[in-house]
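Each ligand, and each atom within it, is numbered from 1 in the order the structure gives. Only heavy atoms go into these numbers, but all of them, side chains included; no hydrogens, no water, no symmetry mates.
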Amino acid sequence: MCLWVPERPHYLDELIRLEGCGRAHHACHACGDSDAPYRCEDCFLVNLFCSSCIITLHQNVLLHQVKRWQDGYFHSTTLKQLGLRIQLGDHTEQLCRNPKPARDNDYVIIDVHGIHEVALNFCDCANAPSHYRQLLRRRLFPATSTDPRTAATFAVLEHFHLLSFESKVSAYEFYHSLACRSDNTGIVPIKVSSLNQSVRLT
Ligand SMILES: [Zn+2]
Ligand SMILES: [Zn+2]
Ligand SMILES: [Zn+2]
């Protein structure tokens with residue numbers, strides 16, 4: 001503590017710096033495009049990117065939270081709003097000839113870092129497995145086996161399993177903490193069910 005106390009202002013400076021753009025210019029870190037307002041909260045890089053490059057960066061990390069720099073601060077947005085689609089089945093979105101969007105283009109995935117609204121395509125090609133099987137093959141546990149619109153990652157299920165043994169956390173408390181991680185203001189309702197109900201846990 002004696003070593004740290006004199007450094008406290010610098011720690012505070014760095015934390016506040018992360019709330020803004022730092023020295024980043026508003027040019028895309030990847031392609032140099034001048035319109036680059038997006039930053040990922042979960043990636044190692046804290047640089048700004050254009051919408052195209054931030055989508056490219058997240059082709060295989062689909063459940064990150066992104067923010068948009070606007071009017072002097074970062075606003076929450078989603079990879080779904082930026083156009084990222086998750087394609088299930090044994091091929092990518094480009095190769096699947098019969099991608100079938102989830103009903104109403106409305107799908108929720110619960111992960112360790114939060115609850116994500118995503119744009120998800122099932123594969124509707126001949127001989128494609130059922131929708132819940134397609135989810136299970138990508139380590140997503142569907143909320144129901146009939147027309148699932150919510151799934152939990154295997155990672156979040158294992159995380160809760162361990163926490164329930166080690167800390168006796170309840171499912172309600174665990175879910176509530178994930179909802180807060182997604183939006184700690186309570187302003188944005190967090191979807192929780194395949195019935196398109198928005199429930200705020202208060
Ligand atoms: Zn770019
Ligand atoms: Zn990311
Ligand atoms: Zn297909």
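- Closest approach of Ile110 to Leu178, counting heavy atoms only: CG2-CD1, 3.6 Å.
- The environment of CD in Gln59 is crowded: more than 12 heavy-atom neighbours from other residues, nucleotides or ligands sit within 6.0 Å.
- Taking 2.8 Å as the threshold, His29 does not count as a candidate ligand of the Zn ion (ligand 1), since none of its N, O or S atoms lies below it.
- More than 12 heavy-atom neighbours from other residues, nucleotides or ligands sit within 6.0 angstrom of CD on Glu7.
- Counting only protein N, O or S atoms closer than 2.8 Å to the Zn ion (ligand 2) gives 4.
- The ring pair (Phe, Tyr, Trp, His ring centres under 6.0 Å) contacts involving residues 36-55 comprise His29-Phe49, where partners must be two or more places apart or lie in separate chains.
- The ring of Phe174 has its center no closer than 6.0 angstrom to the ring center of His176.
- Judged purely by distance below 3.5 Å, without hydrogens or angles, the side chains of Gln65 and Asp42 never pair a donor atom with an acceptor atom.
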Show me the donor-acceptor pairs within less than 3.5 Å that the side chains of residues 132-141 make with the rest of the protein, sequence neighbours left out.
residue : atom : partner : partner atom : Å
Gln134  : OE1  : Cys123  : N            : 2.8
Gln134  : NE2  : Cys123  : O            : 2.9
Gln134  : NE2  : Pro129  : O            : 2.8
Arg138  : NH2  : Gly89   : O            : 2.5

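- Protein N/O/S atoms closer than 2.8 Å to the Zn ion (ligand 3), listed by chain and residue number, are His91 NE2, Cys96 SG, Cys123 SG, Cys125 SG.
- The pair Arg97-Asp124 fails the salt-bridge criterion, with no side-chain N (NZ, NE, NH1 or NH2) lying under 4.0 Å from an Asp/Glu carboxylate O.
- Look at Arg17 and Glu19 and you find no salt bridge, because none of the NZ, NE, NH1 or NH2 atoms lies under 4.0 Å from a carboxylate O.
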Inset, instruction - Any chance you could lay out the side chain to side chain contact (heavy atoms under 4.5 Å, CB included) test for Thr78 and Leu84, step after step, and finish with the verdict? - result: CA-CA 9 Å; Thr78 63; Leu84 183 69; over 6 Å; no
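- Angle SG (Cys53) to the Zn ion (ligand 1) to SG (Cys28): 110°, rounded to 10°.
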